[in-house]
There are 2 protein chains.
Amino acid sequence: MEKQHNLSKNQKIIFDLIDKSRGPMKAYSILFNVQKKGIKAPLQVYRALDKLVEIGKIHKIESRNAFIACQNSSCQISKATAFSICESCENVSEISNSKLSKYLSNFSDNSGMKYNKYNLEFFGLCKKCKSK
Amino acid sequence: MEKQHNLSKNQKIIFDLIDKSRGPMKAYSILFNVQKKGIKAPLQVYRALDKLVEIGKIHKIESRNAFIACQNSSCQISKATAFSICESCENVSEISNSKLSKYLSNFSDNSGMKYNKYNLEFFGLCKKCKSK
DNA sequence: CTTGTAAATGTTATATTATTACATAGTGTT
DNA sequence: AACACTATGTAATAATATAACATTTACAAG
């Protein structure tokens with residue numbers, strides 16, 4: 001059911017790698033892993049990452065400079081993202097909570113600014129790390 | 001009324017610079033600006049930045065790799081931060097909205113994770129840039 | 001089918017952001 | 001004075017990201 005027929009060769013290679021990974025991947029770790037597939041330069045990786053972020057197939061975890069596959073099938077474009085990050089084991093998951101996203105998408109203050117995008121990162125200890 | 005008596009020499013130099021700046025500052029721009037004051041190496045800047053972030057005098061804008069002085073006098077520790085970022089002029093302001101911060105500080109989902117910190121970045125066009 | 005154009009690729013070099021490692025100096029106790 | 005803790009100084013390097021330029025591919029319009 002997964003669509004990815006519009007992805008180019010490099011984009012597909014890189015998306016598949018990130019998608020299979022258990023956690024967020026860093027650009028140069030991706031580079032290392034795809035060198036056997038002929039992708040040799042950082043720029044090739046960054047270009048694919050940029051495109052994949054743009055179309056919402058992956059998200060960037062800004063506080064970690066790392067990239068994770070979108071875990072929310074309905075997410076076509078990365079304009080409303082929320083993540084939980086364990087500060088001990090660095091596990092990251094995408095939060096999909098409709099109340100939260102509704103609240104944030106509708107948020108406005110008295111600044112006169114119209115918000116069309118947000119990114120939220122929660123930090124804490126995951127279940128496993130808490131009990132250690 | 002501003003307290004900063006605990007800051008060391010380098011911390012004070014760097015905080016004063018960021019505090020006077022109109023917007024977020026990047027580490028190497030800070031470095032360039034404080035070289036006349038005897039701070040010569042990146043590490044001296046990063047150490048001061050780390051400390052200032054830790055004690056809540058400044059915040060890091062993760063999506064921009066830049067640092068801004070805390071605009072919220074009650075903010076002692078950076079554990080609940082929200083910013084609005086104009087994608088055109090790159091103006092950044094700290095959002096202090098008690099409903100928002102209450103909502104996010106109390107947020108929990110079914111992951112079993114206890115969140116003790118969050119960072120939220122809103123993106124859009126500011127008033128000025130909208131009307132252009 | 002060929003021409004135009006946008007997207008993607010390949011390659012080298014370089015810019016930007018951040019940390020490691022090690023030595024020294026100041027600050028505030030007890 | 002001895003101790004612990006924080007901060008500083010310095011050099012080297014690691015990690016993250018982009019600029020510039022040449023070429024190729026995909027695919028729609030004529």
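Keep in mind the model is a prediction, meaning the values are calculated, not measured. Order of the sequence lines fixes the chain letters, A, B, ..., with proteins taken first and strands second; residue numbering starts at 1 for each chain. In what follows, every heavy atom counts, from backbone to side chain, and hydrogens, waters and symmetry copies are set aside.
For E90(A), the side-chain hydrogen bond (donor to acceptor under 3.5 Å, both in side chains) test picks out R64(A), with sequence neighbours left out. By the side-chain hydrogen bond (donor to acceptor under 3.5 Å, both in side chains) test, E121(A) pairs with S63(A), N119(A), sequence neighbours left out. Scored by the ring-ring contact (aromatic ring centres under 6.0 Å, His included) test, Y28(A) finds no partners at all (sequence neighbours excluded). Applying the salt bridge (charged side-chain N to carboxylate O under 4.0 Å, His left out) test to K60(B) and every residue at least two apart in sequence or in another chain returns nothing. Every residue two or more places apart in sequence or in another chain was checked for a ring-ring contact (aromatic ring centres under 6.0 Å, His included) with F123(A), and none qualifies.
Considering only heavy atoms from C-beta on, S21(A) stays 4.5 Å or farther from L17(A) through its side chain.
The list of salt bridge (charged side-chain N to carboxylate O under 4.0 Å, His left out) pairs with a residue in residues 103-118 of chain B, not counting sequence neighbours, reads E87(A)-K117(B). Annotation: ring-ring contact (aromatic ring centres under 6.0 Å, His included) contacts involving residues 89-109 of chain A, sequence neighbours excluded, comprise Y103(A)-Y103(B), F107(A)-F122(B). For residues 39-48 of chain B, the set of pairs meeting the side chain to side chain donor-acceptor pair (under 3.5 Å) definition, not counting sequence neighbours, is empty.
Extent of DNA chain C lying under 4.0 Å from chain B heavy atoms, first and last nucleotide in 5' to 3' order, is dT17(C) to dA21(C). Mapping heavy-atom proximity under 4.0 Å, the span of DNA chain D touched by chain A runs 5' to 3' from dT16(D) to dA20(D).
Within residues 24-35 of chain B, no residue is approached by DNA chain D to less than 4.0 Å at the level of any non-hydrogen atom.
Proximity of a side-chain donor or acceptor of S131(B) to a complementary backbone N or O of K128(B) within less than 3.5 Å is detected. No donor-acceptor distance shorter than 3.5 angstrom exists from the side chain of D19(B) to the backbone of F15(B), with no hydrogens or angles considered.
Enclosure of atom NZ in K37(B) is not indicated, since only 12 or fewer non-hydrogen atoms of other residues, nucleotides or ligands lie within 6.0 angstrom.
Recorded end-axis angle for the helix from dC1(C)-dG30(D) to dT30(C)-dA1(D) stands at 30°, based on five pairs per end and rounded to 10 degrees.
Both N65(B) and L43(B) lie near DNA chain D, and the one whose nearest nucleotide falls closer to the 5' end is L43(B). Taking for each of P42(A) and K51(A) the nucleotide of DNA chain C with the nearest heavy atom, the 5'-most of the two is the partner of K51(A).
Of all heavy-atom pairs spanning G56(B) and C70(B), the tightest one is O-CB, 3.4 Å.
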